[in-house]
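Per chain, numbering begins at 1; letters A, B, ... match sequence-line order.
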Amino acid sequence: MPRTRGLMLQIATGDARPISKQIVDGVRMKIATAELVPGDQLPSVRGLAQQLTINPNTVAKAYAELTAEGWLESRQGLGLFVATPRQRLSDGERDRRMDEAISAFVHEVAALDYPPERALSRLDRALQVLSRKTA
Amino acid sequence: MRDLVKAELLRFRGWALGAFAAHLLVLAFLARVVDLAQQPLLVYRVFGSIYVLAGVLLGLYQMGSYRRPNVWLNLLHRPLAPWRIATSLLGAGLAWLAVAAALPVLLAAAYQSGLTARVVDDRHWLLPLAAWLLAAGGYLAGACCMLGTRKRSAAALVLLVAVALNQASGVWALLVQALALAWLVAMLIVSFKPDLSAPPRAPLATVLLALPLQMAVYLMILLLQFGGQMLWIMQGSHPNNTETPPRGGANETERMSPKQRMLAGLAVSRAAQAPLWREQVALSDVAGIGLDLHAVPVRGALTNAAPTDFDDAGRGVRWTFSHDRMRLAGYRIVGGRAAGTLGVGAANAAFPAPTVAIGGLPGQPKGDRSLIAGNMLYHYVSDSARVLPRIRLPAGEWLLGVTPVGENLAVLSDRALYFFDGRDVVLGEALLAPRQRMPIPGAAGDLRDLDLIELVDGYLVSASFTSYAYMMDGAAPYQALSWVHDDGQVTTVARRALVFDYPAWFRYQAWWPSPALYALRQGALGLFAVPDPLQATHPAPMPRGIKLLAAGLMLVSLLAALWLVRRRALSMPARMGWVLACGAIGLPALASLWLLYPACELAGRRAEGQSALASAAPL
Amino acid sequence: MADTDYVIETRALTRRYGDKLALDTLDLAIAAGHIHAIVGANGAGKSTLFRILLGFLPPSSGSARILGRDSQRLTPSDRGRIGFVNEEHTLPSWMRVSAVTAMQRHQYPRWNQAAFDEVIGHYHVLPQQKVGQLSRGERAGFNLALTLAQGPELLVLDEPTLGLDVVAKRAFLESLMYSSAAESCTVVYCSHQMEEIERVADNLIILERGRLAHMSAPDEFCGRVTHWIADMPFAGPPPASVPGLLEVQRIDGLHHYLVLDQDEGFAGFLRGAGARTVQSMPVSLDRAVNGFLAKNHAMPVAA
């Protein structure tokens with residue numbers, strides 16, 4: 001029996017990201033950090049809207065985007081569930097995005113005048129949240 | 001709808017009950033002290049004004065509180081037709097006015113009727129209705145003032161002015177008030193719509209709003225003229241307050257002493273005896289003939305034009321004339337117990353008209369009184385508590401006053417002057433026979449001064465007709481001298497034409513601004529009224545210049561309307577209607593057209609013109 | 001005619017007050033369904049628009065239709081289909097809550113008691129209380145409950161949360177968004193509070209000086225506005241030459257540009273104007289709308 005997980009999401013108005021984008025980002029992060037695992041049921045559109053005091057259409061939009069990207073799957077008549085992970089992007093695209101992320105990171109670190117070894121160890125620790133999921 | 005009425009009733013509950021209590025308290029106090037049914041006209045006027053004022057305030061407050069844009073929107077934006085909302089609000093207001101204004105009056109009347117021996121006639125039972133109608137009229141006028149644009153909505157007050165000045169009495173007066181009320185209700189309902197600034201669309205609605213507005217403009221013109229007259233008086237050259245009045249004018253004659261007046265009249269007399277009479281005038285006292293009645297009492301009138309009661313101190317009885325019984329009803333001054341009714345003669349017959357008590361005739365016992373009733377004069381004998389007819393004038397004449405002249409009596413009616421032998425008054429109790437009758441050489445309303453001297457062989461009577469010489473109602477002023485012979489023959493011995501003190505434009509200032517509205521005003525004031533014999537005049541013929549002036553103004557207003565209607569958003573029939581109305585009614589109609597229709601179309605044209613210029617500029 | 005597709009439709013709607021134009025040939029069509037937010041600076045003509053739409057003010061020219069009906073000829077039953085809530089929440093203060101409710105229940109044929117109970121449940125409003133004794137927030141909630149229970153097809157809200165505290169505001173928004181009665185009606189929501197609009201609106205309508213300046217989903221509008229920071233040694237290019245300029249400020253020697261509808265090409269423009277470094281970032285809805293509305297206001301010239 002799938003269980004509905006409470007979705008501990010924060011949204012902020014006045015942010016440069018629209019609310020639906022904030023929800024998408026938040027859910028992705030929860031899945032990445034294994035706070036949400038495949039098979040978990042997400043709150044209903046109405047329920048999440050009510051929880052966040054936002055227009056239900058905004059939640060629906062965010063859910064639609066997550067479903068399209070393969071993070072969530074809809075089961076007829078039951079609701080939305082975290083999907084089993086699968087390769088969502090092509091290898092080339094994956095590499096391109098990784099390059100982008102690394103380059104952005106390196107630029108920031110360079111500006112901080114931070115020793116690369118310390119930066120690496122900090123990054124290593126930060127990435128452990130991801131390895132926990134695969135463990 | 002019922003909910004709205006209930007809500008509105010609830011809203012004013014406190015105020016209405018408070019007003020009811022205060023009103024009742026005042027009436028209860030007054031009823032203990034005086035006979036509320038027999039007060040002079042002024043008292044009823046004061047009470048009436050308070051009712052009207054209270055109504056106006058309620059109307060202003062109620063509609064004022066709803067008029068704010070947001071509240072108005074909230075009130076009218078609901079699935080109810082505006083007229084239903086209006087009638088709900090008005091229904092509640094009118095109901096509370098019935099409680100606050102009419103109910104205490106009804107209770108006071110019930111108290112006087114049930115618990116005292118005072119006279120309460122049918123007419124008094126109409127007073128609560130009158131109180132309610134007045135308060136309701138004020139209320140609706142106040143409400144109308146709050147709806148519509150400020151400049152034009154105060155016109156509703158004109159209907160209150162009409163009610164205040166209308167001459168009808170009794171039930172007829174109530175009918176006039178009810179008509180004014182109905183008009184106000186109709187005005188309010190056509191004004192009660194979401195867009196308060198919008199001019200009326202339907203022809204009937206336009207007439208309902210435009211006519212009072214035109215009347216209000218007309219009234220403003222009269223008030224401006226009055227203000228101008230005040231300035232004239234302040235400036236000091238007004239004929240009424242110059243040191244020496246215009247020579248040969250009506251004002252000069254009015255300011256003369258009776259003796260001077262008589263001499264002035266004799267100066268133009270061609271009669272052979274004129275020089276002799278001049279000497280006699282210089283030597284003898286000139287008697288002025290006065291009036292005991294200044295208005296004729298009407299049976300069933302709600303208020304009393306003249307006092308209806310008198311005290312017989314000797315018997316300790318107060319006699320009050322009852323319109324229902326047409327007899328005097330008495331009660332003890334001390335204690336208030338009833339003391340029976342008193343009619344004419346041994347048969348206790350009814351009086352022919354409402355009576356007014358005046359002083360006793362010369363030679364009669366001190367406690368006796370004279371009673372004037374229509375064409376009759378009665379003698380109230382205190383000693384026997386009897387009423388005896390003493391003078392009977394021809395039917396249809398109104399006996400207005402009795403003045404002792406030497407040993408004789410001069411009795412004035414609205415048509416003639418009668419002389420009676422004073423000795424007969426005390427010699428018997430029979431009807432007196434007139435020795436001479438002199439028809440008044442003019443109209444009663446024009447007659448301002450009536451003076452006479454006794455001659456060896458009769459009387460020399462001077463009558464000057466100057467009362468309304470300052471306005472269009474009055475006769476061209478003149479003075480007439482008549483010689484009344486002992487044998488009853490009457491000869492006119494002089495007629496002195498007087499000069500108008502005021503120029504024609506001044507005398508006809510109520511007429512030329514709008515002959516149509518002047519006629520409407522006269523019609524409205526005389527609606528359902530019995531003409532007052534004391535106000536009858538022989539108007540002087542209208543000068544041609546005045547007619548031309550009025551026609552000129554009507555033409556100007558017609559031309560101005562032609563220009564104005566093209567700058568207002570009006571349909572073709574409406575334009576034609578307005579142009580015709582402006583031509584027929586004159587400037588007030590033009591002003592009402594200006595006030596009723598906002599000039600937004602004009603602004604639009606100007607803006608379009610500007611943009612056309614702007615777009616043309618780059619070329 | 002597709003009148004029925006639009007709950008509100010104006011054509012060249014113009015309203016003049018003397019020489020001032022409150023609405024300037026406004027063409028606005030609001031589709032049925034969803035929550036539409038109308039924003040605009042004070043004097044943009046929002047209140048005038050609502051007053052015309054409800055037939056309380058005649059247009060100087062042009063036409064306005066609401067629920068397919070000429071707004072100057074609304075019948076009582078049309079009025080029953082349009083709910084209106086203003087910022088004052090004008091209700092008769094001398095009446096009890098129960099009496100007001102009863103009155104509305106009798107007047108509105110489609111009265112939905114369940115919807116009323118559902119919304120009023122959010123507030124501590126007792127039936128025997130006088131309306132005048134309610135707090136502003138309670139009055140707002142009561143007003144919304146009354147309006148939603150009328151079962152309107154169109155609900156117009158004119159700054160309904162003005163002057164409400166955080167708690168009351170939240171309760172109001174919740175009642176509006178999650179009430180079953182609100183689901184079936186089109187909502188037109190006028191507000192100055194971007195935070196609310198971000199949460200509530202499906203569609204953003206910006207009025208400016210009586211004209212329609214923009215209409216789209218809020219994030220779409222957000223995407224049109226970008227914030228650029230350029231390091232320029234001298235005075236920047238004259239403001240008139242900056243494409244899509246909404247706002248320019250010079251802070252600590254850096255030029256901040258808020259621009260509309262500019263892609264990466266704008267970086268080229270800035271470099272061409274002598275910028276040594278150029279950065280860009282998206283902006284929040286609040287910033288985007290304020291910048292957009294401030295466009296025509298006087299701004300300090302970059303010194």
Residues 117-125 of chain A vs chain C, non-hydrogen distance cutoff under 4.5 Å, contacting residues -> none
Does some side-chain heavy atom of C:V85 sit less than 4.5 Å from a side-chain heavy atom of C:V156? no
Measure the shortest side-chain to side-chain distance between C:V7 and C:I66 over non-hydrogen atoms and say whether it is less than 4.5 angstrom. no
My understanding is that only residues two or more places apart in sequence, or in another chain, count here; which of them pass ring-ring contact (aromatic ring centres under 6.0 Å, His included) with C:F116? C:W111
Measure the shortest side-chain to side-chain distance between C:L148 and C:L155 over non-hydrogen atoms and say whether it is less than 4.5 angstrom. yes
Pairwise side-chain contact, C:L204 with C:I197, heavy-atom cut-off 4.5 Å (strictly under): yes
C:L164 side, atom CG; C:L162 side, atom CG - distance, nearest 0.5 Å: 7.5 Å
Examine whether an atom of A:I11 lies under 4.5 Å from a heavy atom of chain C, and if so say whether it belongs to the side chain, the backbone or both; otherwise answer neither. side chain
Turns out that what part of C:A201 lies under 4.5 Å from chain A's heavy atoms comes down to backbone
Between atom CG of C:L245 and atom CG of C:L258, what is the distance when rounded to the nearest 0.5 Å? 8.5 Å
Among residues at least two apart in sequence or on other chains, which ones pass side-chain contact (heavy atoms from CB on, under 4.5 Å) with A:V27? A:L7, A:L9, A:I23, A:I31, A:L36, A:L42, A:L66, A:L72
Quick one, C:I205 and C:V39 - any side-chain contact, counting heavy atoms below 4.5 Å? no
Which donor-acceptor pairs fall under 3.5 Å between chain A and chain C:
unit_1: A:G14; atom_1: N; unit_2: C:E198; atom_2: OE1; d: 3.0
unit_1: A:R46; atom_1: NH1; unit_2: C:E183; atom_2: OE2; d: 2.7
unit_1: A:R46; atom_1: NH2; unit_2: C:Y178; atom_2: O; d: 2.5
unit_1: A:A49; atom_1: O; unit_2: C:Y178; atom_2: OH; d: 2.6
unit_1: A:L52; atom_1: O; unit_2: C:R199; atom_2: NH1; d: 2.6
unit_1: A:T53; atom_1: O; unit_2: C:R199; atom_2: NH1; d: 3.2
unit_1: A:T53; atom_1: OG1; unit_2: C:R170; atom_2: NE; d: 3.3
unit_1: A:T53; atom_1: OG1; unit_2: C:R170; atom_2: NH1; d: 3.0
unit_1: A:T53; atom_1: OG1; unit_2: C:R170; atom_2: NH2; d: 2.4
unit_1: A:I54; atom_1: N; unit_2: C:Y178; atom_2: OH; d: 3.0
unit_1: A:I54; atom_1: O; unit_2: C:Y178; atom_2: OH; d: 2.7
unit_1: A:N55; atom_1: N; unit_2: C:R199; atom_2: O; d: 2.6
unit_1: A:N55; atom_1: ND2; unit_2: C:V200; atom_2: O; d: 2.4
unit_1: A:N55; atom_1: ND2; unit_2: C:D202; atom_2: OD1; d: 3.2
unit_1: A:N55; atom_1: ND2; unit_2: C:D202; atom_2: OD2; d: 3.2
unit_1: A:N57; atom_1: ND2; unit_2: C:D202; atom_2: OD1; d: 2.7
unit_1: A:N57; atom_1: ND2; unit_2: C:D202; atom_2: OD2; d: 3.1
unit_1: A:K61; atom_1: NZ; unit_2: C:D219; atom_2: OD1; d: 3.4
unit_1: A:K61; atom_1: NZ; unit_2: C:D219; atom_2: OD2; d: 2.4

Top of C:L176, C:L173, C:V283 for chain A proximity - count of heavy-atom pairs under 4.5 angstrom: C:V283
